[in-house]
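Have a look at the structure below, then the notes.
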Amino acid sequence: MPATVVVGTQWGDEGKGKLTDLLAREMDVVVRYQGGHNAGHRIVVGGEAFALQLVPSGVLYPHITPVIGNGVVVDPKVLLDEIDSLSAKGVDCSRLLVSGNAHLIMPYHQELDRLTERFLGKNALGTTKRGIGPAYADKSARVGLRVQDLLDPKIFRQKLDVVLHEKNLILSKVYNRLPMKADEIAAKYLDVYAGRLAPMIADTVTFVHDALAEGKRILLEGAQATFLDLDHGTYPFVTSSNPVAGGAATGSGLGPRDLGRVVGIAKAYITRVGAGPFPTELDGEMGDLLVERGHEFGTNTGRRRRVGWFDAVMARQAARLNSLSEIAITKLDVLDTLEEIKVCVAYEAGGVRYEYPPYHQSVLHDVTPIYEVVPGWRSDLSQFTRFEDLPREARDYIAFLREKIGVPIATVGVGPGREQFVRP
Ligand code: GDP
Ligand code: IMO
Ligand code: MG
């Protein structure tokens with residue numbers, strides 16, 4: 001059976017953790033294919049919350065093998081801390097596999113992420129300051145250290161010495177910082193992290209292909225989202241990897257024909273953390289209301305998320321960029337108190353109507369959203385378990401979104417809990 005991909009269709013935090021956990025009931029393997037601990041995937045089970053950063057969201061099930069794929073950037077300390085805190089909550093992480101080809105986030109990556117952001121001043125991207133961008137930059141520049149280098153101290157040290165020489169020049173001469181010491185970094189990575197990670201380091205490409213050949217069901221869990229994609233997002237206000245479904249192949253080692261179902265995920269409205277264009281952004285009372293009702297603060301960073309009305313222009317673009325077979329709409333319950341709800345169905349700029357995002361970003365910055373207004377349902381959706389039982393206005397809203405996106409809606413979230421969803 002071909003693999004299934006879960007992909008964010010907005011600017012992140014759509015509920016990929018919850019959906020992955022839901023779909024994982026019928027899977028055998030869950031692979032994270034890109035990103036790093038910039039991700040925060042929250043799952044709520046029986047009132048207990050788990051906020052996952054690097055460990056794939058299938059980990060809560062004993063039948064799942066969680067895999068960190070080659071496309072991920074791994075901060076070993078964060079990964080080990082996450083494993084420890086999951087274990088303390090009774091979650092068994094012993095099946096976790098980490099690709100030897102995944103790149104390591106090093107201390108200078110995090111430092112350079114912070115410094116570059118400060119250097120950009122008012123043009124800062126608002127990154128998570130986790131070292132994600134600098135780690136992917138080193139991967140592309142072919143000076144990155146990989147997880148497998150932890151298994152070969154001599155090679156690790158050689159590579160570290162070469163790259164740290166350059167990083168220290170940048171840190172000291174450009175940013176006026178103290179240079180970092182190779183001995184100290186090596187002591188942590190080789191003497192502390194390597195020993196604990198070694199049993200998890202694997203040839204995950206062979207593992208996923210063997211799993212497919214044995215008829216196992218594989219779920220590829222995206223982090224970030226389509227409009228944070230390095231190629232297809234609102235560049236430069238993006239992350240440094242490819243969250244789009246195509247990235248699931250590169251980031252796991254499966255071939256394009258090994259991927260079958262692609263499940264997109266979108267909130268019933270939209271949010272963004274960090275800087276960048278946001279055509280349907282809401283300020284004022286309505287914005288505050290959605291932030292408050294949706295608890296729109298970063299899962300990891302605690303930053304307040306920007307909020308806006310559902311943007312069908314972006315959703316249509318996400319449908320084609322990811323070849324979505326279906327879409328899940330989450331957080332419908334957040335709109336429970338609204339008298340009316342707006343949906344952006346197209347953009348207008350310079351007398352031109354856009355059904356898809358304009359190719360030129362300067363135009364995107366200036367578009368005016370064209371809204372259609374639909375009635376709200378003004379009742380509590382959180383207890384519903386069947387789509388048919390939802391108030392008519394809520395069902396109509398979902399039907400309206402389906403028509404505007406052009407993709408079937410398979411799941412609708414009505415609360416954060418594992419069981420809080422209905423199927424149209
Ligand atoms: P991810 O990064 O895509 O996994 O999403 P996050 O976990 O960062 O953010 C989604 C937030 O919404 C989390 O706090 C979830 O617990 C919560 N959530 C997910 N689905 C629903 C839903 O249908 N309704 C409500 N009210 N909350 C939801
Ligand atoms: P999940 O997987 C929301 C945003 C940052 C910033 C930009 C670049 O939980 O949906 P980075 O640290 O990646 O270089 O920051 O991307 N960003 C996210 N926003 N959800 C995420 O992950 C994000 N990961 C990165 O806020 O604007
Ligand atoms: Mg998140």
Side-chain angles (χ1 to χ4, degrees), residues 6-22 32-45 48-54 56-57 72-73 105 109-110 112-114 116-117 124-137 221-230 233-241 243 264-278 290 292-306 328-336 380-382 384 411-422:
V6 166
V7 60
T9 65
Q10 298 172 325
W11 281 297
D13 304 324
E14 298 91 348
K16 296 174 292 293
K18 181 187 163 188
L19 183 68
T20 300
D21 171 78
L22 185 66
R32 267 282 304 273
Y33 59 84
Q34 44 66 237
H37 66 299
N38 48 351
H41 294 183
R42 191 160 175 272
I43 307 171
V44 181
V45 184
E48 188 176 10
F50 299 86
L52 302 169
Q53 296 182 264
L54 275 165
S57 299
V72 175
V73 285
I105 295 189
H109 291 140
Q110 198 158 356
L112 287 167
D113 198 352
R114 277 193 227 111
T116 314
E117 280 286 273
L125 307 180
T127 75
T128 58
K129 301 195 176 76
R130 303 277 156 91
I132 307 293
Y136 278 115
E221 178 188 8
Q224 290 78 53
T226 303
F227 294 99
L228 289 173
D229 185 277
L230 183 58
T234 45
Y235 192 90
F237 304 101
V238 294
T239 192
S240 299
S241 65
I265 177 161
K267 287 183 193 181
Y269 48 102
I270 191 166
T271 63
R272 166 163 217 169
V273 208
F278 190 162
L290 291 184
E292 188 194 318
R293 285 195 49 84
H295 306 289
E296 295 299 352
F297 294 92
T299 303
N300 289 321
T301 58
R303 288 184 292 173
R304 182 187 158 110
R305 296 175 182 145
R306 300 158 66 194
I329 300 290
T330 57
K331 304 189 102 166
L332 190 62
D333 54 296
V334 172
L335 307 180
D336 278 356
D380 175 8
L381 298 188
S382 65
F384 285 98
T411 314
V412 176
V414 293
R418 192 184 243 179
E419 310 300 333
Q420 286 181 295
F421 68 93
V422 294

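Whatever order the structure lists ligands and atoms in, that order sets their numbers, starting from 1. All of these numbers come straight from a predicted model, not from anything done at the bench.
- Taking only non-hydrogen atoms, the option from His41, Glu221, Lys16 nearest to atom 10 (O) of ligand 2 is Lys16.
- Annotation: side chain of Pro416 is not in contact with side chain of Lys18 (no heavy-atom distance under 4.5 Å).
- Annotation: side chain of Gln224 is in contact with side chain of Asn38 (closest heavy-atom distance under 4.5 Å).
- Arg293 is not listed as a side-chain neighbour of Leu335, based on a closest heavy-atom distance of 4.5 Å or more.
- Considering both main-chain and side-chain atoms, Asn38 comes within under 3.5 Å of ligand 2 through a nitrogen or oxygen pair.
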Let me check something: any side-chain donor-acceptor pairs from residues 125-132 under 3.5 Å, sequence neighbours excluded? List them with distances.
{"from": "Thr127", "atom 1": "OG1", "to": "Asp113", "atom 2": "OD1", "distance (Å)": "3.0"}
{"from": "Thr127", "atom 1": "OG1", "to": "Lys129", "atom 2": "N", "distance (Å)": "3.0"}
{"from": "Arg130", "atom 1": "NH1", "to": "His37", "atom 2": "O", "distance (Å)": "3.0"}

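- Contacts between Lys16 and ligand 1, counted as non-hydrogen atom pairs separated by less than 4.0 Å, involve both the backbone and the side chain.
- Close approach of ligand 2 to Gly274 (heavy-atom distance below 4.0 Å) involves ligand atoms 27 (O).
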Check against side-chain contact (heavy atoms from CB on, under 4.5 Å), Phe227 and Arg272: CA-CA 10 Å; Phe227 294 99; Arg272 166 163 217 169; over 6 Å; no

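- Gly17 N, 2.8 Å is the protein heavy atom nearest to atom 4 (O) of ligand 1.
- When only non-hydrogen protein atoms are considered, atom 27 (O) of ligand 2 lies nearest to Val273 O, 3.0 Å.
- Taking every heavy atom of both residues into account, Phe237 and Ala124 meet most closely at CE2-O, 4.3 Å.
- Of the N or O atoms in Thr239, one or more lie within a sub-3.5 Å distance of an N or O in ligand 2.
- At under 3.5 Å, a nitrogen or oxygen of Glu14, whether backbone or side chain, sits near a nitrogen or oxygen of ligand 1.
- Per-residue contacts place Asp13 under 4.0 angstrom from the following atoms of ligand 2 (heavy atoms of the residue considered): 1 (P), 3 (C), 9 (O), 10 (O), 20 (N).
- Distances from the Mg ion (ligand 3) under 2.8 Å pick out these protein N/O/S atoms: Asp13 OD1, Gly40 O.
- Residue Arg305 is tested with Ile270, Thr271, Leu290 for a side-chain contact (heavy atoms from CB on, under 4.5 Å); the sole match is Thr271.
- Only the side chain of Arg303 comes within 4.0 Å of ligand 2, counting heavy atoms alone; its backbone N, CA, C and O stay farther away.
- Between Leu54 and Val72 the shortest heavy-atom distance is CD2-CG1, 3.8 Å.
- The shortest contact between atom 22 (O) of ligand 2 and any protein heavy atom is with Gln224 NE2, 3.4 Å.
- Looking only at side-chain heavy atoms (C-beta outward), Lys331 and Glu296 come within less than 4.5 Å of each other.
- Of the options Lys18, Gln10, Arg42, the smallest heavy-atom separation from atom 15 (C) of ligand 1 is shown by Arg42.
- Using 4.0 Å as the threshold, Gly40 has a heavy atom nearer than that to some atom of ligand 2.
- Proximity of Asp333 to ligand 1, defined as any heavy-atom pair under 4.0 Å, is confined to the side chain (atoms from C-beta onward).
- Ligand 1 has no N or O atom lying under 3.5 Å from any N or O atom of Thr330, backbone or side chain.
- Of the heavy atoms in Leu125, only backbone atoms (N, CA, C, O) come closer than 4.0 Å to ligand 2.
- The shortest heavy-atom contact between Gly35 and Ser241 is N-OG, 3.7 Å.
- Residue contacts with ligand 2: Thr128 is placed with a nitrogen or oxygen under 3.5 Å of a nitrogen or oxygen of the ligand (distance criterion only).
- At least one heavy atom of Lys331 sits under 4.0 Å from some atom of ligand 1.
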Go through Asp333 and Phe384 one step at a time and tell me if the side-chain contact (heavy atoms from CB on, under 4.5 Å) criterion holds. CA-CA 10 Å; Asp333 54 296; Phe384 285 98; over 6 Å; no

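- Screening Val6, Thr411, Ile43 against Leu22 for a side-chain contact (heavy atoms from CB on, under 4.5 Å) leaves a single residue, Thr411.
- At least one heavy atom of Gly40 sits less than 4.0 Å from an atom of ligand 1.
- Looking at Gln53 against ligand 1, nothing comes within 4.0 Å, counting heavy atoms.
- Looking only at protein heavy atoms, the nearest one to atom 18 (N) of ligand 1 is Pro416 CA, 3.9 Å.
- Proximity of Gly415 to ligand 1 is established by a heavy-atom distance of less than 4.0 Å.
- Of all non-hydrogen atoms in Gly12 and Leu228, the two that sit nearest each other are N-CD1, 4.4 Å.
- Of all the atoms in ligand 2, the ones that sit under 4.0 Å from a non-hydrogen atom of Gly126 are 5 (C), 6 (C), 26 (O), 27 (O).
- The side chain to side chain donor-acceptor pair (under 3.5 Å) with Ser57 is formed by just one residue from the set Arg32, Glu221, Lys16; it is Glu221.
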Evaluate the criterion side-chain contact (heavy atoms from CB on, under 4.5 Å) for residue pair Leu19 and Phe421; output intermediate values, then yes/no. CA-CA 10 Å; Leu19 183 68; Phe421 68 93; over 6 Å; no

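- Residue-level proximity to ligand 1 for Val414 is carried by the backbone, the only part with a heavy atom below 4.0 angstrom.
- Heavy atoms of other residues, nucleotides or ligands lying less than 6.0 angstrom from OH of Tyr235 number 12 at most.
- Among protein heavy atoms, the minimum distance from atom 15 (O) of ligand 2 is reached at Thr127 CA, 3.4 Å.
- Applying the 4.0 Å criterion to heavy atoms of Trp11 picks out, from ligand 2, the atoms 3 (C), 19 (N).
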For the pair His295 and Val334, evaluate side-chain contact (heavy atoms from CB on, under 4.5 Å) and give the outcome as yes or no after the intermediate values. CA-CA 9 Å; His295 306 289; Val334 172; over 6 Å; no

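- In this structure, the protein non-hydrogen atom closest to atom 10 (C) of ligand 1 is Asp13 O, 3.5 Å.
- Of all non-hydrogen atoms in Thr226 and Gly8, the two that sit nearest each other are OG1-O, 2.7 Å.
- The side chain of Leu228, and not its backbone, has at least one atom closer than 4.0 Å to an atom of ligand 2 (non-hydrogen atoms only; side chain from C-beta on).
- Of the polar atoms of Gly15, at least one N or O is found under 3.5 Å from an N or O of ligand 1, judged by distance alone.
- Heavy atoms of Gln224 stay at 4.0 angstrom or farther from ligand 1.
- Ranking the protein heavy atoms by distance from atom 8 (C) of ligand 2 puts Val238 O, 3.3 Å first.
- The residue Phe237 has no part lying near ligand 2, judged by heavy-atom distances below 4.0 Å.
- When non-hydrogen atoms are compared, ligand 2 lies under 4.0 Å from neither the backbone nor the side chain of Arg130.
- Of all non-hydrogen atoms in Gly17 and His41, the two that sit nearest each other are CA-CB, 3.7 Å.
- Considering both main-chain and side-chain atoms, Val44 never comes within under 3.5 Å of ligand 1 through any nitrogen or oxygen pair.
- Atoms of ligand 2 found under 4.0 Å from any heavy atom of Ala223 (numbered from 1 in listed order, with element): 2 (O).
- Each of the following atoms of ligand 2 lies closer than 4.0 Å to a heavy atom of Ala39: 1 (P), 2 (O), 9 (O), 22 (O).
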